[in-house]
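From a predicted model like this one, the values you see are computed outputs, not experimental measurements. One-based numbering along the sequence shown. All values below come from the heavy atoms of this structure, side chains included, with hydrogens, waters and symmetry mates left out.
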Amino acid sequence: MSHGKVAIITGAGTGIGKATALAFLADGYRVALAGRRRDALDRTAAESAAAERALVVPADVSDPASVDALFAAVLAAFGRLDVLFNNAGSGSRPATVDDIAIDDWRRVVDVNLTGAFLCTRAAFRMMKEQDPRGGRIINNGSISAHAPRPGSAPYTATKHAITGLTKSTSLDGRPFDIACSQIDIGNALTEMTARMAKGVPQADGSIRPEPSIDVAHVAAAVLQMANLPLDVNVQFMTIMATKMPFVGRG
């Protein structure tokens with residue numbers, strides 16, 4: 001049963017975005033599923049028992065016109081926006097800084113950072129003007145917002161920058177009842193991270209397998225953050241596999 005709240009989830013076709021979209025739909029949200037591939041978004045919607053509350057909107061978050069069209073579609077269909085989950089992201093092949101092609105750098109920055117900014121800007125404008133006013137923006141920061149993996153300069157730089165965007169948005173949103181949070185996720189089991197069980201490069205040059213967690217726990221955490229009243233904010237949350245190499249020296 002719907003409670004009327006509206007969420008936009010970017011990167012909703014696979015992985016964390018898909019799991020979070022399904023969790024929000026199950027909780028009663030009306031959810032706009034955004035992503036580049038309509039077929040993947042359609043599959044996400046079809047997996048929900050509340051597919052009638054899902055709005056599939058193919059969108060490229062790095063394209064300002066595409067982002068504007070996404071938010072216009074949500075306004076036309078639902079009339080307001082309560083939650084934005086900036087989840088869409090991209091990486092590049094592992095490489096040391098001297099071996100990173102400028103096109104790879106720009107592609108990752110365009111999706112991970114500029115895409116989050118464009119969606120945040122559009123959400124902020126909508127939340128500021130709607131009645132009741134306000135809403136919540138949740139950014140997917142990643143463990144890489146704190147510590148890099150080897151050969152990950154473009155991805156790590158954008159995720160460090162997301163922390164700055166989160167803080168600035170949180171501060172700018174105070175007068176308008178707009179809360180902004182960041183969730184830093186480590187080793188959630190998705191199609192992208194399945195290879196970790198076979199071994200991934202470590203800072204000491206070795207290749208070692210790493211533990212992972214069920215992506216449903218991540219989706220539940222995002223939903224918990226979203227469902228808080230707007231006078232309460234989880235500013236930063238880290239959710240990770242307990243034994244992954246992060247805390248301490250590995």
Using the salt bridge (charged side-chain N to carboxylate O under 4.0 Å, His left out) rule, collect all pairs that involve residues 42-65, keeping only residues at least two apart or in two chains.
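Every pair satisfying salt bridge (charged side-chain N to carboxylate O under 4.0 Å, His left out) with a residue in residues 42-65: Lys18-Glu47, Asp39-Arg43.
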Using every non-hydrogen atom in the two residues, find where [X] and [Y] come nearest and quote the distance to one decimal.
{"X": "Ala19", "Y": "Ala219", "answer": "O-CB, 3.5 Å"}
{"X": "Ala23", "Y": "Leu223", "answer": "O-CD2, 4.0 Å"}
{"X": "Ala123", "Y": "Leu84", "answer": "CB-CD2, 3.7 Å"}
{"X": "Ile143", "Y": "Gly186", "answer": "CG1-CA, 3.3 Å"}

Is it the case that the side chain of [X] and the backbone of [Y] share a donor-acceptor pair, with hydrogens and angles ignored and the cut-off at 3.5 Å?
{"X": "Asn139", "Y": "Gly141", "result": "no"}
{"X": "Asn187", "Y": "Ala241", "result": "no"}
{"X": "Asp184", "Y": "Ser142", "result": "yes"}
{"X": "Ser206", "Y": "Arg208", "result": "no"}
{"X": "Ser48", "Y": "Thr44", "result": "no"}
{"X": "Ser152", "Y": "Pro148", "result": "no"}
{"X": "Arg133", "Y": "Asp177", "result": "no"}
{"X": "Asp82", "Y": "Val6", "result": "yes"}
{"X": "Ser170", "Y": "Thr166", "result": "no"}
{"X": "Thr158", "Y": "Tyr155", "result": "yes"}

Please tell me if the side chains of [X] and [Y] come closer than 4.5 Å, counting only heavy atoms from C-beta onward.
{"X": "Phe85", "Y": "Ile16", "value": "yes"}
{"X": "Leu228", "Y": "Arg136", "value": "yes"}
{"X": "Ile137", "Y": "Ile178", "value": "yes"}
{"X": "Val222", "Y": "Ile183", "value": "yes"}
{"X": "Ser181", "Y": "Met237", "value": "no"}
{"X": "Leu75", "Y": "Met126", "value": "yes"}
{"X": "Ile213", "Y": "Val218", "value": "yes"}
{"X": "Phe71", "Y": "Cys119", "value": "yes"}

Does atom CD of Gln202 have more than 12 heavy-atom neighbours from other groups under 6.0 Å away?
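It does: Gln202 CD has more than 12 such atoms within range.
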Quick check on Arg107: does its CZ atom have over 12 non-hydrogen neighbours (other residues, nucleotides or ligands) under 6.0 Å away?
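Yes, the 6.0 Å shell around CZ holds more than 12 heavy atoms from other groups.
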Let me check something: do Val215 and Ile138 share a hydrophobic cluster, defined by ILVMFWY side-chain heavy atoms less than 4.5 Å apart, either directly or through other members?
yes
Does the side chain of [X] come under 3.5 Å of the side chain of [Y] through a donor N or O and an acceptor N or O?
{"X": "Asp104", "Y": "Ser92", "result": "no"}
{"X": "Ser144", "Y": "Arg149", "result": "no"}
{"X": "Asn227", "Y": "Asp27", "result": "yes"}
{"X": "Asn86", "Y": "Thr10", "result": "no"}
{"X": "Gln182", "Y": "Thr163", "result": "yes"}

To the nearest 0.5 Å, what is the distance between [atom1] on [X] and [atom2] on [Y]?
{"X": "Leu41", "Y": "Ile9", "atom1": "CG", "atom2": "CD1", "answer": "11.0 Å"}
{"X": "Phe236", "Y": "Met225", "atom1": "CZ", "atom2": "CE", "answer": "9.5 Å"}
{"X": "Leu81", "Y": "Arg30", "atom1": "CG", "atom2": "CZ", "answer": "10.5 Å"}
{"X": "Met127", "Y": "Thr120", "atom1": "CE", "atom2": "OG1", "answer": "9.0 Å"}
{"X": "Thr156", "Y": "His146", "atom1": "OG1", "atom2": "NE2", "answer": "11.5 Å"}
{"X": "Lys128", "Y": "Phe176", "atom1": "NZ", "atom2": "CZ", "answer": "4.0 Å"}

Is Asp99 salt-bridged to Arg93, going by a charged N under 4.0 Å from an acidic O?
yes
Of Ile102, Val109, Val108, which meets side-chain contact (heavy atoms from CB on, under 4.5 Å) against Arg106?
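The residue from Ile102, Val109, Val108 that satisfies side-chain contact (heavy atoms from CB on, under 4.5 Å) with Arg106 turns out to be Ile102.
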I'd like to check the ring-ring contact (aromatic ring centres under 6.0 Å, His included) partners of Phe24; sequence neighbours left out, ordered by chain and number.
Tyr29
